[in-house]
Visitor: 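Structure incoming, see below.
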There are 2 protein chains.
Amino acid sequence: MRSYAEYCSVAKALDLVGDRWSLLIVRELLILGSRRFGELQDGLPGIATNLLTERLRHLEEAGVVGRDEAGRYALTPWGELLAEPIYALARWGAPLMVTKGDDESFRSHWLAAPIAFIFGGQDPGRPALIAEIRAGGEPITLKSADGMVTFQPGPAAAPDLVISGPPDAIIGLLAGRLGETAAAELGVSVLGDLAPLARLRQADWLTGPESYTPR
Amino acid sequence: MRSYAEYCSVAKALDLVGDRWSLLIVRELLILGSRRFGELQDGLPGIATNLLTERLRHLEEAGVVGRDEAGRYALTPWGELLAEPIYALARWGAPLMVTKGDDESFRSHWLAAPIAFIFGGQDPGRPALIAEIRAGGEPITLKSADGMVTFQPGPAAAPDLVISGPPDAIIGLLAGRLGETAAAELGVSVLGDLAPLARLRQADWLTGPESYTPR
DNA sequence: CTGCATCCGGGCCGATACTG
DNA sequence: CAGTATCGGCCCGGATGCAG
């Protein structure tokens with residue numbers, strides 16, 4: 001992208017990561033760690049290979065992305081700092097997540113951001129729990145331990161709870177916006193007890209004031 | 001911009017504000033409040049008028065921007081929430097601000113972000129102070145009162161301190177990266193006592209670890 | 001003067017084919 | 001698997017025109 005040529009930090013940041021796809025490439029590396037070209041491509045449905053190549057080269061030049069011994073792409077320490085702007089954008093876009101359009105693609109690891117907001121922070125009183133979430137594609141694991149809730153891609157070894165269903169309904173259930181019966185009507189099936197999960201929840205993500213809802 | 005069509009909060013946010021210029025339009029409205037078309041144009045050097053029109057329409061449709069009684073553009077409550085992602089981006093891009101290129105345009109109100117980081121937070125022990133900063137174009141005012149430092153566009157009525165000079169040197173001085181003599185060599189002139197200003201400073205913006213410096 | 005609409009050249013994007 | 005090459009089309013940039 002052509003530079004804005006402004007002596008402004010926002011403009012300079014956008015000069016580096018403002019191109020189409022760039023921030024989504026960073027999102028992939030942020031959530032999943034180092035990735036190969038083909039893995040990135042899978043997490044960016046519809047991206048053209050030449051664009052992925054060009055963006056990666058550009059991000060490498062800028063010092064945002066590097067390559068490990070195995071030739072896989074990974075964020076540099078400076079690139080990791082993009083977590084803040086990206087998660088801030090994700091939180092801002094949260095009201096747009098109430099329903100999933102049929103034409104929209106989905107990868108289960110994209111649930112990392114919602115999970116980070118809903119179960120964020122530390123709380124010593126929070127019960128330990130391992131939940132496996134199956135929202136399509138590869139399952140993901142949500143683990144509560146030592147008062148912290150963490151996200152992991154991949155299935156859980158010994159889950160206390162397994163939740164399966166469409167992603168929008170699962171987000172509604174996790175966020176507390178939908179009850180178990182309401183979620184069940186939307187196709188969510190639960191194996192195990194949901195009550196401990198409700199005690200993990202911190203934020204009212206997606207349940208903010210009406211006035212913030214777009215349109 | 002064409003939609004990413006992903007069920008992901010980041011992608012959906014970028015569907016709305018990921019176009020070229022969009023976030024900079026929001027930056028203008030965030031810093032300066034409601035603005036007219038021509039005022040926006042002045043704060044976005046190089047934007048084509050048709051693009052400004054198109055972006056404003058798009059942001060209006062999305063519920064990010066509205067118009068007041070006088071027909072001026074202003075952020076909606078939801079649009080105001082973009083402050084977080086935009087300021088996060090600004091902070092991330094901070095290491096790129098050490099020097100100003102000659103080809104880069106500058107508007108003094110863009111100093112709002114640096115000032116917010118350098119003098120952020122509340123601190124009851126902070127002295128009261130009014131400083132006028134002349135970095136080119138319209139002066140801006142930095143006011144410390146009740147432990148908070150605030151930014152205002154426009155000159156100060158009764159400043160305790162007036163700082164004039166090129167923007168990059170002024171940022172270096174404000175951030176504490178440059179001493180008064182070093183800043184003077186770069187063309188900064190100071191009227192009044194700088195010592196109280198140094199006591200306002202909170203963050204080590206732009207003085208972070210070397211490893212974060214790109215390239 | 002402000003706020004836009006139109007037009008056009010060029011560059012960026014998207015899709016597919018192709019190669020080591 | 002990891003890109004490179006190519007090409008049509010859309011978006012961007014800059015200039016111009018115009019109505020209130």
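Residue numbers begin at 1 in each chain, while the letters A, B, ... track the order of the sequences.
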Visitor: Please name the pair of heavy atoms, one in Met97(B) and one in Asp168(B), separated by the smallest distance, quoted to 0.1 Å.
Guide: O-CB, 4.4 Å

Visitor: Using heavy atoms and a sub-4.0 Å distance, could you list which residues of residues 66-75 of chain B are near DNA chain C? By number, please.
Guide: Arg67(B), Tyr73(B)

Visitor: Hydrogens and angles aside, do Arg67(B) and Tyr73(B) bring a side-chain donor and acceptor to less than 3.5 Å of each other?
Guide: yes

Visitor: Counting N and O atoms only, with roles assigned by atom type, does the side chain of Asp68(A) sit under 3.5 Å from a partner on the main chain of Gly71(A), one being a donor and the other an acceptor?
Guide: yes

Visitor: Ignoring hydrogens and angles, tell me if any N or O in the side chain of Asp15(A) forms a donor-acceptor pair with the backbone of Tyr4(A) under 3.5 Å.
Guide: yes

Visitor: Without hydrogens or angle criteria, can the side chains of Ser164(A) and Arg134(A) be said to hold a donor-acceptor pair below 3.5 Å?
Guide: no

Visitor: Could you tell me from which nucleotide to which nucleotide of DNA chain D, 5' to 3', there is an atom under 4.0 Å from chain A heavy atoms?
Guide: dA2(D) to dG14(D)

Visitor: Is there a donor-acceptor contact under 3.5 Å linking the side chains of Trp21(A) and Glu54(A)?
Guide: no

Visitor: Donor-acceptor pair, distance only, cut-off 3.5 Å: does the side chain of Thr76(B) make one with the backbone of Gly63(B)?
Guide: yes

Visitor: How would you list all residue pairs meeting side chain to side chain donor-acceptor pair (under 3.5 Å) that involve residues 94-105 of chain B, not counting sequence neighbours?
Guide: Lys12(A)-Glu104(B)

Visitor: Between the side chain of Trp110(B) and the main-chain N/O of Glu6(A), is any donor-acceptor distance below 3.5 Å?
Guide: no

Visitor: Could you state the interatomic distance from CG (Leu82(B)) to CG (Leu89(B)), rounded to the nearest 0.5 Å?
Guide: 10.5 Å

Visitor: Does the pair Asp42(A)/Arg107(A) count as a salt bridge with the N-to-O cut at 4.0 Å?
Guide: yes

Visitor: Angle between the two end axes of the helix from dC1(C)-dG20(D) to dG20(C)-dC1(D), five base pairs per end, rounded to 10 degrees?
Guide: 30°

Visitor: A quick test of your reading: do over 12 heavy atoms of other residues, nucleotides or ligands sit less than 6.0 Å from CD of Glu80(A)?
Guide: yes

Visitor: Do any of residues 31-45 of chain A sit with a heavy atom less than 4.0 Å from DNA chain D, and if so which?
Guide: Arg36(A), Phe37(A), Gly38(A)

Visitor: Does the side chain of His109(A) pick up a donor-acceptor pair with the side chain of Glu138(A) at under 3.5 Å?
Guide: no

Visitor: Does the structure place the NZ or CZ of Arg27(B) under 6.0 Å from the centre of the six-membered ring of Tyr87(B), at an angle of no more than 45° from the ring's axis?
Guide: no

Visitor: Between Leu44(B) and Leu52(B), what is the shortest heavy-atom contact and its length?
Guide: CD1-CD1, 4.2 Å

Visitor: How does protein reach along nucleotides 7-20 of chain C, written 5' to 3' as B (base within reach of a heavy atom under 4.0 Å), S (only sugar-phosphate), or - (no contact)?
Guide: B-----SBBBB---

